[in-house]
There are 2 protein chains.
Amino acid sequence: MTINAYDESMPESRTVPARFPVTVDVVALTVADDAMNVLLITRLLEPFRGRLALPGGFVLPGEDLITAAARELAEETGVEHVPGHLEQLGSYGPKGRDPRGDVLTVAHLLLAPNFPVLSAGSDAKHAAWYPVHQVLDGGLRLAFDHERILADAVERAKSKLEYSPLGAVFCDKEFTVAQLRAVYEAVWGTRLDPRNFHRKATGTSGFLEDTGRVTTGDAGRPAALFRLAPAARPAPGQPTRAVLNPPLMRPPP
Amino acid sequence: MTINAYDESMPESRTVPARFPVTVDVVALTVADDAMNVLLITRLLEPFRGRLALPGGFVLPGEDLITAAARELAEETGVEHVPGHLEQLGSYGPKGRDPRGDVLTVAHLLLAPNFPVLSAGSDAKHAAWYPVHQVLDGGLRLAFDHERILADAVERAKSKLEYSPLGAVFCDKEFTVAQLRAVYEAVWGTRLDPRNFHRKATGTSGFLEDTGRVTTGDAGRPAALFRLAPAARPAPGQPTRAVLNPPLMRPPP
DNA sequence: GCAAAAGTGTTCCTCATACACCCATGC
DNA sequence: GCATGGGTGTATGAGGAACACTTTTGC
């Protein structure tokens with residue numbers, strides 16, 4: 001553990017600066033059953049014992065925030081590598097969000113395809129996917145201020161789809177235009193014209209890359225399979241470039 | 001000071017969680033002399049003694065982040081109230097950004113009209129405005145990772161102008177369309193057609209409100225004075241609504 | 001053949017761009 | 001008058017919205 005020298009030399013103040021426990025929380029979003037889902041764990045200890053909460057935990061000394069978020073996600077879901085796009089969402093606190101005292105949390109946003117989580121029972125915490133609307137509209141209450149963090153995360157996800165290629169990170173490695181459209185419809189809660197969406201998605205240079213393969217076995221004409229173009233692939237934890245120019249507009253409610 | 005109970009009861013871990021000093025930094029941006037300027041202080045103590053740095057300081061127990069940012073801004077510049085729009089930018093660290101140890105900082109972004117800062121000499125720190133390009137393009141080096149934070153803040157400011165009414169917070173209470181346009185030109189580093197900008201700005205409902213008064217004394221025809229419409233006025237610290245729909249597009253470089 | 005989904009073409013309309021032109025002041 | 005900046009009108013073109021139509025599969 002790194003020893004800080006603040007207790008001896010204080011440049012900004014004459015008193016010793018306060019120290020706070022710092023946690024990272026991860027809002028993992030995916031699209032399943034035509035709806036946005038969020039990964040939640042069941043708390044087994046106080047406070048908020050029995051309540052659902054976002055996965056997360058304390059930052060360790062000598063650790064970066066994004067690293068801590070990836071580590072906590074791995075520990076609580078069993079995934080070995082970050083399965084999608086992980087970025088920082090924002091910080092909350094430290095005042096008044098934990099009954100035990102001042103705790104600062106740095107929330108992160110993970111956009112990923114529907115990945116299987118650790119089976120319940122193999123660990124102290126049950127992790128599972130829940131439809132987002134059950135939390136934000138239904139009466140499902142979360143621990144701490146996690147409902148507010150989730151609401152902010154959902155709003156961020158919605159706006160990200162407009163100007164960044166991140167809609168594709170909800171899909172598998174290879175996907176059809178219809179599957180990609182289903183993601184946008186689920187996240188925005190609207191219907192999009194299949195024909196216009198197809199033209200916009202395939203016509204945006206640097207967004208989709210044709211694999212040459214097609215689907216088979218489904219009803220109707222086979223669909224071409226695409227993957228995210230290399231230029232649009234998000235670097236881990238780093239800012240996403242806006243390749244959708246002009247943006248894919250979200251229709252007004 | 002609030003006493004945390006983590007040392008006795010540890011729900012997420014068997015060891016005592018690490019505690020970190022947490023600072024808030026403020027990237028105060030304004031437009032002056034047709035360029036974006038940033039408020040910097042001169043460090044009088046180690047580390048980085050003599051270097052320029054963003055204003056900021058330690059979060060106090062029982063304090064919120066946005067409150068701490070406003071307090072530090074007030075302490076280091078002498079302004080009594082927040083002179084513009086203040087929002088959270090993002091968190092950095094805690095690893096490897098302070099030679100003395102792990103310090104987490106939560107950076108904030110202030111967009112404000114050019115306000116006078118505390119005169120040097122009356123306080124331990126000199127605060128003054130510096131052109132942003134002197135830091136990002138010129139060789140002016142900042143303390144800690146403040147150059148990176150400034151770069152992120154500038155990028156955020158640029159994109160904010162596209163879809164939010166925040167360009168107006170760089171202006172005074174009442175301003176002309178030409179003054180507003182000068183803000184956009186300074187932030188984006190481009191020239192905008194005065195006629196088309198005028199139509200777009202005045203034609204966007206819920207953005208500008210005509211005061212009925214006009215300028216006088218300048219060369220040319222008097223210009224109408226506007227203020228930011230109530231619907232577009234940003235709530236302190238809270239998300240800004242996108243009233244510019246479709247957005248004011250930033251022309252390609 | 002028929003249903004279903006993929007994909008293309010076409011029309012209409014909004015809006016960004018470019019720029020000609022007029023308006024109201026200082027000098 | 002003339003220069004200067006404020007503000008309006010208008011033609012052009014790119015692109016979004018809506019939808020008719022063709023293509024290719026499963027049954």
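Chain A is the first sequence line, chain B the second, and so forth, proteins listed ahead of strands; every chain is numbered from 1. It should be emphasised that the depicted structure is a prediction, and the values quoted were computed from it without experimental measurement.
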d([atom1], [X]; [atom2], [N]) in whole Å:
X: B:Arg181; N: D:dG7; atom1: CZ; atom2: P; value: 10 Å
X: B:Leu192; N: C:dA18; atom1: CG; atom2: P; value: 11 Å
X: B:Gln179; N: D:dG5; atom1: CD; atom2: P; value: 14 Å
X: A:Arg195; N: D:dG15; atom1: CZ; atom2: P; value: 21 Å
X: A:Asn196; N: C:dA6; atom1: CG; atom2: C1'; value: 14 Å
X: A:Arg213; N: C:dA6; atom1: CZ; atom2: P; value: 18 Å
X: A:Arg199; N: D:dA18; atom1: CZ; atom2: P; value: 13 Å
X: B:Asp193; N: D:dG9; atom1: CG; atom2: P; value: 16 Å

Legend entry - Short side-chain to backbone donor-acceptor contact, A:Asp64 and A:Thr67, under 3.5 Å: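 Answer holds: no.
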Considering only nitrogen or oxygen atoms on both sides, find all protein atoms under 3.5 Å from nucleotides 24-27 of chain C and state each distance.
unit_1	atom_1	unit_2	atom_2	d
C:dA24	N3	B:Arg221	N	3.4

Legend entry - Aromatic centroids of A:Tyr184 and A:Phe197 separated by under 6.0 Å: yes
Legend entry - Below 4.0 Å: OP1/OP2 of D:dG16 and any side-chain N or O of A:Lys200: yes
Legend entry - Phosphate OP1/OP2 of C:dG7 contacted by A:His198 side-chain N/O (<4.0 Å): yes
Legend entry - A:Gln88 side chain reached by A:Leu65 side chain, heavy atoms, under 4.5 Å: yes
Inset, instruction - For residues B:Leu228 and B:Glu209, determine if any side-chain heavy atom of one lies less than 4.5 Å from a side-chain heavy atom of the other. - result: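 With C-beta onward as the side chain, the pair stays apart.
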Inset, instruction - Just jot down the side chain to side chain contact (heavy atoms under 4.5 Å, CB included) partners of B:Thr30, sequence neighbours excluded, or say none. - result: B:Asn37, B:Asn114, B:Trp129
Legend entry - Residue list, salt bridge (charged side-chain N to carboxylate O under 4.0 Å, His left out) with B:Arg141, at least two apart or on another chain: B:Glu147
